[in-house]
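Let me begin by presenting the structure, written as structure tokens, before commenting on it.
Remember, predicted model here, so these are calculated numbers, not experimental data.
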Amino acid sequence: MTRFAWLVTSLAAVVIATTASCSAVDDVHHTFGLSAEGENSGVDAAFATGEQLGRAPEVINFFEAWSWQQPLPVDALWEIHNRGAIPAITWEPWHPDQGEYQDAYSPARIAAGEYDAYIAEWADAAARFDQPMQLRFAHEMNGTWYPWSVDGSRATGEQYREAYRHVHDIFLAAGASKVQWVWSFDASSRRPEGLATAQDAYPGDLYVDIVGIDGYNGGAEGSFWQTPEDLFGGALAVADEVAPTRPVWIYETGSGDALGDKAQWITDLFGYLKTTRVSGLLWFDFDKPGEANWLLESPAAALDSASDALAKW
């Protein structure tokens, strides 16, 4: 089966919308997923949160850094798969403890082949896994906080596109045709220049199966309050511009609970998204030091609000 023939069936199985319309579609099933903190890549925590919500996650994402040089975590993939969800990995080319400037992991060096052996190891393992999985490589490239940031010094849009395509093509050559490629950019809250950067970094429809958007109410620290439309409206316009035929998911989102009514914000978020072509949402269920508390259980009313919203999502 060719990659594109497989995508027809696989995207149906993951139940995502492919309509290019910016209005809600009544018969579209909306996918729900989680990134969660805890042991076992947060897998157990994600399913436990799903039980509390009354909605089992259909996608579970976790994070892997290139500096760890770990093989593809096939055991975790199988566990997620066997429990009825699609495994997803956010694959980050950096060392998480060494800051945002790390020339060793620049897109130019990735595209030049310096990491081909490591990439090929993962690609071969993904081909052997041979089940639907998602791979989100070098996300939020239009931000300013990663070694792969497209800011003209760490990377240009062209260098980022070349790196993304290079990684993708190694997987395709290895026969890892069931990997769904997620290109995910930052909603650029209060940074309108980031939206133009995202447009420049789009690698093209042949390399992207799902367009992801990351956005948090109030930015990383939850230091201000926004409506969901304020947060995501500009980014959704970019998705429509660069990839009108690709499904759009909110791949990371959360809200703090200190500056406003988080429960109401969650209700408003799902209400707003149903007026758009967004067909998937992954909540970032973490309480990270130095950031707002993104956990759905903080406060308890937020969990109830999410449960109610997901019953209609």
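When atom types are taken as modelled, the side chain of Glu37 and the backbone of Asp287 share a donor-acceptor pair closer than 3.5 angstrom. Looking only at distances, no side-chain donor or acceptor of Asn61 sits under 3.5 Å from a matching main-chain atom of Ser35. Not a single donor-acceptor pair under 3.5 Å links the side chain of Ser307 to the backbone N or O of Leu303. Counting only distance, with no hydrogens or angles, the side chain of Glu221 and the backbone of Gly218 share no donor-acceptor pair below 3.5 Å. Formation of a donor-acceptor pair under 3.5 Å by the Ser223 side chain with backbone atoms of Gly219 is not found in this model. No side-chain donor-acceptor contact under 3.5 Å links Lys262 to the backbone of Gly256. Distance alone, capped at 3.5 Å, is enough to place a donor-acceptor pair between the Asn82 side chain and the Trp78 backbone. The closest donor-acceptor contact from the side chain of Asp44 to the backbone of Glu39 lies at 3.5 Å or more, if one exists at all.
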Give the C-alpha distance, both sets of side-chain angles, the deciding distance and a yes or no for side-chain hydrogen bond (donor to acceptor under 3.5 Å, both in side chains) between Glu291 and Trp294. CA-CA 8 Å; Glu291 296 189 8; Trp294 312 119; 2.9 Å; yes
Using side-chain hydrogen bond (donor to acceptor under 3.5 Å, both in side chains), reason through Glu79 and Asn40 one step at a time and then give a plain yes or no. CA-CA 10 Å; Glu79 180 174 357; Asn40 191 28; 2.9 Å; yes
For Phe270 and His30, run side chain to side chain contact (heavy atoms under 4.5 Å, CB included): C-alpha distance rounded to whole Å, both residues' side-chain angles, the deciding distance at 0.1 Å, then the answer. CA-CA 10 Å; Phe270 281 93; His30 292 89; over 6 Å; no
Run Trp145 and Glu140 through side-chain hydrogen bond (donor to acceptor under 3.5 Å, both in side chains) and show every step you take. CA-CA 9 Å; Trp145 43 85; Glu140 298 178 6; 2.9 Å; yes
Between Tyr202 and Trp183, does the ring-ring contact (aromatic ring centres under 6.0 Å, His included) criterion hold? Intermediate values first, please. CA-CA 8 Å; Tyr202 184 62; Trp183 176 77; 4.9 Å; yes
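Residues Gln102 and His95 form a side-chain contact, since some pair of their non-hydrogen atoms from C-beta on lies under 4.5 Å apart. Looking at heavy atoms from C-beta onward, Pro203 lies in side-chain contact with Val208 at the 4.5 angstrom threshold. The shortest distance between side-chain heavy atoms of Leu273 and Thr276 falls below 4.5 Å. You'll find the side chain of Trp122 stays beyond 4.5 Å of the side chain of Ile119, heavy atoms only.
Atoms CD and OG1, from Glu58 and Thr31 in turn, are 5.0 Å apart once rounded to the nearest 0.5 Å. A distance of 6.0 Å separates CZ in Phe129 from NE2 in His81, rounded to the nearest 0.5 Å. A distance of 10.0 Å separates OG of Ser149 from OH of Tyr160, quoted to the nearest 0.5 Å. We find the CG-NE2 distance between Leu206 and His168 to be 8.0 Å, quoted to the nearest 0.5 Å. Note that CD of Gln199 is 10.5 Å distant from CG of Asn142, once rounded to the nearest 0.5 Å. Here the straight-line distance linking atom CD of Gln226 with atom OG of Ser255 works out to 9.5 Å at 0.5 Å rounding.
The cationic atom of Arg154 (NZ for Lys, CZ for Arg) lies less than 6.0 Å from the six-membered ring centre of Tyr101 and within 45° of the ring axis. Geometric assessment of Arg55 against the ring of Phe32 yields a negative cation-pi assignment under the 6.0 Å and 45° thresholds.
Using a cutoff of 4.0 Å between basic side-chain nitrogens and carboxylate oxygens, Lys178 and Asp130 are scored as salt-bridged. Under 4.0 Å is where a charged nitrogen must lie from a carboxylate oxygen, and between Asp214 and Arg136 at least one such pair does.
For the ring-ring contact (aromatic ring centres under 6.0 Å, His included) test with Trp91, the passing option among Tyr118, Phe62, Phe63 is Tyr118; the others fail. Considering Trp94, Tyr251, Tyr146, Phe284 in turn, Tyr146 is the only one that fulfils the ring-ring contact (aromatic ring centres under 6.0 Å, His included) rule with His139.
In the hydrophobic cluster analysis, where Ile, Leu, Val, Met, Phe, Trp and Tyr join through side-chain heavy atoms closer than 4.5 angstrom, Tyr216 is grouped apart from Val248.
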